[in-house]
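Okay, so here's the structure we're looking at.
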Amino acid sequence: MRFEICTLFPEFFHSFFTTGLVARAVDNGILSYAIHNLRLHGEGRYRSVDDAPFGGGAGMLLKYDVIRKSLEATGERPVIHLTPRGRVLNTSMAKRLASLPGVTLLCGHYEGIDQRILDRAVGMEVSIGDYVLGGGETPAQVLIETIARHLPGFLTEASLEAESFESGLLEHDQFTRPREADGVPVPGVLVEGDPKRIAAWQRENALWRTWRRRPDLFARQTLADCDFDAIHGKIVTHFSIRPQETP
Ligand code: 6GU
């Protein structure tokens with residue numbers, strides 16, 4: 001899959017594409033990219049890319065022609081603008097995008113971009129969550145990695161399936177050697193090695209973590225009776241302790 005990236009800060013992407021799994025995917029040809037510097041299309045002696053908004057207000061906007069020229073240089077691909085106004089990224093969105101041959105990512109900056117170029121050239125707006133960042137570069141990297149994990153060959157099948165959100169639950173706790181650290185042992189079931197009991201422990205742990213931390217995810221699950229049975233005791237204990245906690 002190919003990523004064309006339009007940004008004011010090309011150097012932001014260098015370590016991202018030359019480190020770890022992403023670098024390996026680039027080497028294997030699973031992923032390719034080109035970085036386009038918006039400044040190249042800046043206007044006047046100072047290659048100005050921004051201007052004040054009509055109607056007033058704080059900050060500056062990226063100009064129509066700067067974005068238009070940069071997008072024209074990237075060729076025909078669906079354009080995604082990274083902005084906190086976009087649809088919030090999730091796994092199903094990433095999977096759908098991973099089926100495309102390529103996308104252009106437009107990294108916003110300052111207070112925004114002239115709406116007319118968004119209306120004319122941008123197919124989709126994506127946000128990575130309900131908080132505001134200075135620019136779209138970090139979100140673009142988040143989006144690329146999230147998509148890449150669904151490209152064939154990026155991960156092994158097993159590690160993708162074991163991930164949180166593939167199952168709809170958070171991942172269970174994990175432990176490695178030593179068997180005891182500062183007096184705290186690894187849960188016995190895991191060291192004993194009975195595969196059925198290990199699977200049951202991991203399932204229960206994932207259910208419990210999800211119930212406590214992400215009630216929104218938990219509520220969306222269709223669970224078997226045995227799943228409820230597995231954490232029923234813990235839920236009862238949780239509620240029976242609570243009234244004493246808050247006077
Ligand atoms: Cl995509 N951009 C910016 N600037 N801030 C964000 C975001 C995107 N998603 C969450 N916060």
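Read the numbers this way: they start at 1 and go in the same order the structure lists the ligands and their atoms.
- Atom numbering of ligand 1 starts at 1 in the shown order; those under 4.0 Å from a heavy atom of V126 are 1 (Cl).
- Here the heavy atom of the protein found nearest to atom 4 (N) of ligand 1 is L133 O, 2.9 Å.
- Backbone and side-chain nitrogen or oxygen atoms of V132 are examined, and none is located within less than 3.5 angstrom of a nitrogen or oxygen of ligand 1.
- No hydrogens or angles considered: a donor-acceptor pair under 3.5 Å links the side chains of H109 and E137.
- Set against the non-hydrogen atoms of P139, the atoms of ligand 1 under 4.0 Å away are 1 (Cl), 2 (N), 7 (C), 8 (C).
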Salt bridge (Lys or Arg N to Asp or Glu O under 4.0 Å) assessment of R68 paired with D65: CA-CA 5 Å; R68 180 182 58 76; D65 272 335; 2.9 Å; yes
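- Atom 3 (C) of ligand 1 has P84 CD, 3.4 Å as its closest protein atom, hydrogens excluded (heavy atom only).
- Atoms of ligand 1 lying under 4.0 Å from any heavy atom of I128, numbered from 1 in the order shown and given with element: 9 (N), 10 (C).
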Stepwise side-chain contact (heavy atoms from CB on, under 4.5 Å) check, R87 with E125: CA-CA 6 Å; R87 281 182 50 203; E125 296 197 300; over 6 Å; no
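- Protein heavy atom closest to atom 11 (N) of ligand 1, with residue, atom name and distance, is Y131 O, 2.5 Å.
- Within 6.0 Å of CG in D130 there are 12 or fewer heavy atoms belonging to other residues, nucleotides or ligands.
- Heavy atoms of D130 found under 4.0 angstrom from ligand 1: none, in either backbone or side chain.
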Salt bridge (Lys or Arg N to Asp or Glu O under 4.0 Å) between D114 and K63, worked out: CA-CA 6 Å; D114 190 303; K63 292 154 71 74; over 6 Å; no
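- Looking only at protein heavy atoms, the nearest one to atom 1 (Cl) of ligand 1 is T83 N, 3.0 Å.
- Aromatic rings from H238 and W211 are positioned such that their centres are separated by under 6.0 Å.
- Close N/O approach between G134 and ligand 1 is not found [any backbone or side-chain N/O within under 3.5 Å].
- The 12-atom threshold is exceeded at CG of D27, counting heavy atoms of other residues, nucleotides or ligands nearer than 6.0 Å.
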